[in-house]
Amino acid sequence: MDSEAWNEELEEQRLRSMRKEWEAASAGEHDYYAVLNVSRRATTEDIREAYRRLSRLFHPDRHHDAEKQEWARRQFHVIQRAHEILTDPAVRAAYDQLGEQGISMGKTVGYKLHSVKDLQDRFEREARMRRIEDVDEWVQSQSEITLSVNGSGIVSPSAAQSLQRGANKGAHGIGGLAMQQLFMSHSFTASLSDTVSGTVEGRMLSRNSNASAGNGAVKVMIKRTLGPQTWISFTTPVLPPHVVAVEALHCPSLGTFYQTKVEQHALDTHTPPAITVRAGRPLSPYSTVFISAATGNQYALSSVWAAGPARALHRQPARVPRKPSSVTIGITGARSTDEELGANITATSNQAYIQAWYKRKIDMYFSVTGGLLVVGHNPQPVPASGNTARRTSSASPASSSAAPLLLGDVSFNIDMVGEIDRHTKLGWKVDLGLASGVTLTVYLRRFRNSVNLPILLTPALELELAIYASAIPMAAALALHYFVLKPRRRRLIQRQMDMLKDEQRYQLSQQQRQAQEAVRLMADSVGRARKQALAANGLVIESALYGDLPFGIAAQDTNVLSAAMAKFGASRTALSSTDEPRACDVAVPLHALVVGDQLVIAGSGSKQFLPGFYDPTFGAPKSLFVRYRFRGKLHEVTVKDDQALAIPMREHCIE
């Protein structure tokens, strides 16, 4: 396999499929629909008819030789179990949802419920609970650690000196590095019932400056699920700030949502609640538009809130964060599975933001995101006293709205993310701003936990430094990805596939032996049926192969019989000359399934579970090739492993 043709994402999917097949084979699991050759929509009568048809071939009482009776018992045991499972509505519903693991559960709870719908709902809940329990250790907790560092003392000493004379005067550091602040948060979620969950979250912020030492908060949230599309939550604080929040979300359809959040300061009834409403809906199959509106807490509607922060700042009885009103309109979309983009505009009472971003997925392990942010602000002087505030507001009501909007900052960011493994991501982000300078952020994410390290390289934009901070790490990351990590993952995937194939060899020999036993049990009956079909000029299976068929066996594009036969012979020779088996002969098992000059194979799953079949190429895509004769004319057809087959068909004719 050359490097150009090697597709890492497809090989990962193939490896997962191999693991699943190996686990099922090791546990002795079967696809009982394929065993009886019925579809998953088959009625109970269809299942019973298929069972009776196979019983005529494999029931031990129909064979007199002791060895064949033993073979028949092994085959009939699987057929009988398939019949028992699929004819019991409760057990069948459990099997459809959970596979073999749900069979015992179906026998336990099936007769306590009243309809198939009840059974399906119950087993869907059970399956969902099992999935939740599998990942409970990881998804029920979430943490974040962000350590902001000022490294301009090393990278840009001149800029650092001016910065030290300003706001960062009290910062302490080692070797030119100064810690600006440390932010930590952790939350834990536990299920209180089937529809109610509780979350405890704690946050702390520590600043390394003379201005403020930091703060912290602890809050508790109770969330109730009202249905598959709606939930509501209530959040209450344990420590200041004492802000109580109620939030609700409703998703009436895919891509459409309505969300409302109300926040109220519990110790200050003079402060009005901050209400935020969000809504979104699909604009096209590839894009979604959304809008968000927030009232903030700087308004007054009645005498109760007349003394709120918007009207009398000096009369606030508690420290209430000021939240301005805002409106956001945005759109997100995907041009393809590898490209995502979006843009939004936000306007507040004294600021405006325009943001756009574009994400390119290079492969399943590496992606690059670029973003642009433009900030404008309208500076409004804060009144020194209540009288000043009253004079300012009464003098010129339109003065603030007439003030020009000044450019606050224009920033650009580029974000590179690579996967170390399935659950761990390492990222490198560079933010470049006219006013904010150059900041480099390195972050590590594993499940829902993240560690972030933003480093301020310079408080002023330096183009040369910006290029070094973005272009060089990107080139290094791409080189590491393509020349080190990707080849390493390729070797690891191939090694795991080889190990699974080695472990599957014993299962292959067992399956091959059982398939050969089934063919011998069917041989006499199939021989008689072939003679009758030949005499009546009916349907006769001349040859059939099942497995990895890469040689283009089907000859539907030619009507030259000699060429088709030569092609088939060459293909069989190539299949048999390989070191490992590529396909197995299934002409006899297929002819045993012929009923009234018709052969129908349901496409419910893999054909390896049909009587007389086995998987000759573990982990490889499989196909079924059939050459048959009907009314004296030769036909050919090739179908994929999970594809249904019905013969005879006129389009299969090659003569």
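Worth knowing before you read on, the calculation uses all heavy atoms, side chains too, and leaves out hydrogens, waters and symmetry mates.
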message: Between Leu205 and Gln181, is there a side-chain heavy-atom distance shorter than 4.5 Å?
response: yes
With a 3.5 Å cut-off and sequence neighbours excluded, list the donor-acceptor pairs that the side chains of residues 282-295 form with protein atoms.
residue: Ser284; atom: OG; partner: Tyr286; partner atom: N; Å: 3.3
residue: Ser284; atom: OG; partner: Ser287; partner atom: N; Å: 3.3
residue: Ser284; atom: OG; partner: Ser287; partner atom: OG; Å: 2.8
residue: Thr295; atom: OG1; partner: Ile275; partner atom: N; Å: 2.9
residue: Thr295; atom: OG1; partner: Ile275; partner atom: O; Å: 3.4

query: Within a strict 4.5 Å, meaning less than it, do heavy atoms of the Gln496 and Leu500 side chains meet?
result: no
message: Can you confirm whether Thr189 sits close enough to Ser197 that some side-chain heavy atom of one is under 4.5 Å from a side-chain heavy atom of the other?
response: yes
field: Interatomic distance, Leu456 atom CG to Thr441 atom OG1 [nearest 0.5 angstrom]
entry: 10.0 Å
query: Partners of Lys429 by salt bridge (charged side-chain N to carboxylate O under 4.0 Å, His left out), sequence neighbours excluded?
result: none
message: According to salt bridge (charged side-chain N to carboxylate O under 4.0 Å, His left out), who are the partners of Lys359, at least two apart in sequence or on a separate chain?
response: none
query: Should we count CE of Met204 as having more than 12 external heavy atoms under 6.0 Å?
result: yes
- prompt: Do Leu226 and Ile232 have side chains that get closer than 4.5 Å, going by heavy atoms?
  reply: yes
Please tabulate, one pair per line, all N/O donor-acceptor pairs under 3.5 Å involving side-chain atoms of residues 248-261, not counting sequence neighbours.
residue: His250; atom: ND1; partner: Thr230; partner atom: OG1; Å: 2.6
residue: Ser253; atom: OG; partner: Thr256; partner atom: OG1; Å: 3.1
residue: Gln259; atom: NE2; partner: Glu247; partner atom: OE2; Å: 2.3

message: What's the separation between atom CG in Asn297 and atom CD in Glu263, rounded to the nearest 0.5 Å?
response: 9.0 Å
query: Are Leu444 and Ser450 close enough that some pair of their side-chain heavy atoms sits under 4.5 Å apart?
result: no
statement: Residues Ser470 and Met416: closest non-hydrogen pair is O-CE, 4.4 Å
No-hydrogen, no-angle side-chain donor-acceptor test under 3.5 Å, Glu201 and Thr199: no
CA sep, side-chain torsions, deciding dist, call: Thr337, Lys361, side chain to side chain contact (heavy atoms under 4.5 Å, CB included): CA-CA 8 Å; Thr337 56; Lys361 181 181 177 182; over 6 Å; no
- prompt: Are Arg360 and Tyr358 in a cation-pi contact, defined as NZ or CZ under 6.0 Å from the six-membered ring centre and within 45° of the axis?
  reply: no
task: Could you tell me which non-hydrogen atom of Asn413 sits nearest to which non-hydrogen atom of Leu372, and how far apart they are?
output: ND2-N, 4.5 Å
message: Let me confirm one number: the CD-OG1 distance from Gln180 to Thr146, rounded to the nearest 0.5 Å.
response: 13.0 Å
Name each donor-acceptor pair under 3.5 Å that joins a side chain in residues 326-334 to protein atoms two or more places apart or in another chain, with its distance.
residue: Thr328; atom: OG1; partner: Thr346; partner atom: OG1; Å: 2.9

Side chain to side chain contact (heavy atoms under 4.5 Å, CB included) assessment of Ile362 paired with Tyr482: CA-CA 11 Å; Ile362 298 177; Tyr482 281 108; 2.8 Å; yes
message: Does any part of the side chain of Tyr353, heavy atoms only, come nearer than 4.5 Å to the side chain of Asn344, both counted from C-beta?
response: no
statement: CD (Gln355) and CD1 (Ile345) are apart, to the nearest 0.5 Å, by 11.5 Å
- prompt: Between Leu182 and Ile145, is a side chain to side chain contact (heavy atoms under 4.5 Å, CB included) present by the stated rule, with each step listed?
  reply: CA-CA 8 Å; Leu182 173 65; Ile145 300 175; 4.2 Å; yes
message: One pair to check against side chain to side chain contact (heavy atoms under 4.5 Å, CB included): Leu440 and Trp428. What are the steps and the verdict?
response: CA-CA 7 Å; Leu440 168 66; Trp428 180 284; 3.1 Å; yes
- line: Of all heavy-atom pairs linking Gly418 and Phe366, the shortest is CA-CD1, 4.0 Å
statement: Here the gap from Glu144 atom CD to Met184 atom CE, rounded to the nearest 0.5 Å, amounts to 10.5 Å
query: For Phe183, does the CZ atom sit with more than 12 other heavy atoms under 6.0 Å from it, leaving out its own atoms?
result: yes
message: Any non-hydrogen side-chain atom of Tyr443 less than 4.5 Å from a side-chain atom of Asp415?
response: yes
message: The criterion is salt bridge (charged side-chain N to carboxylate O under 4.0 Å, His left out); which residues satisfy it with Lys223, sequence neighbours excluded?
response: none
- prompt: What heavy-atom pair brings Lys622 and Asp548 nearest, and what distance separates the two atoms?
  reply: CG-N, 4.3 Å
- request: With rounding to the nearest 0.5 Å, note down the distance linking CD1 in Ile455 to OG1 in Thr439.
  value: 9.5 Å
message: Ignoring hydrogens, what is the shortest heavy-atom contact between Ser141 and Asn449? Give both atom names and the distance.
response: O-OD1, 4.0 Å
- prompt: Which heavy-atom pair separates Met474 from Val368 by the least distance, and what is that distance?
  reply: CE-CG1, 3.8 Å
Any Pro621 side-chain heavy atom under 4.5 Å of Asp641 side chain: no
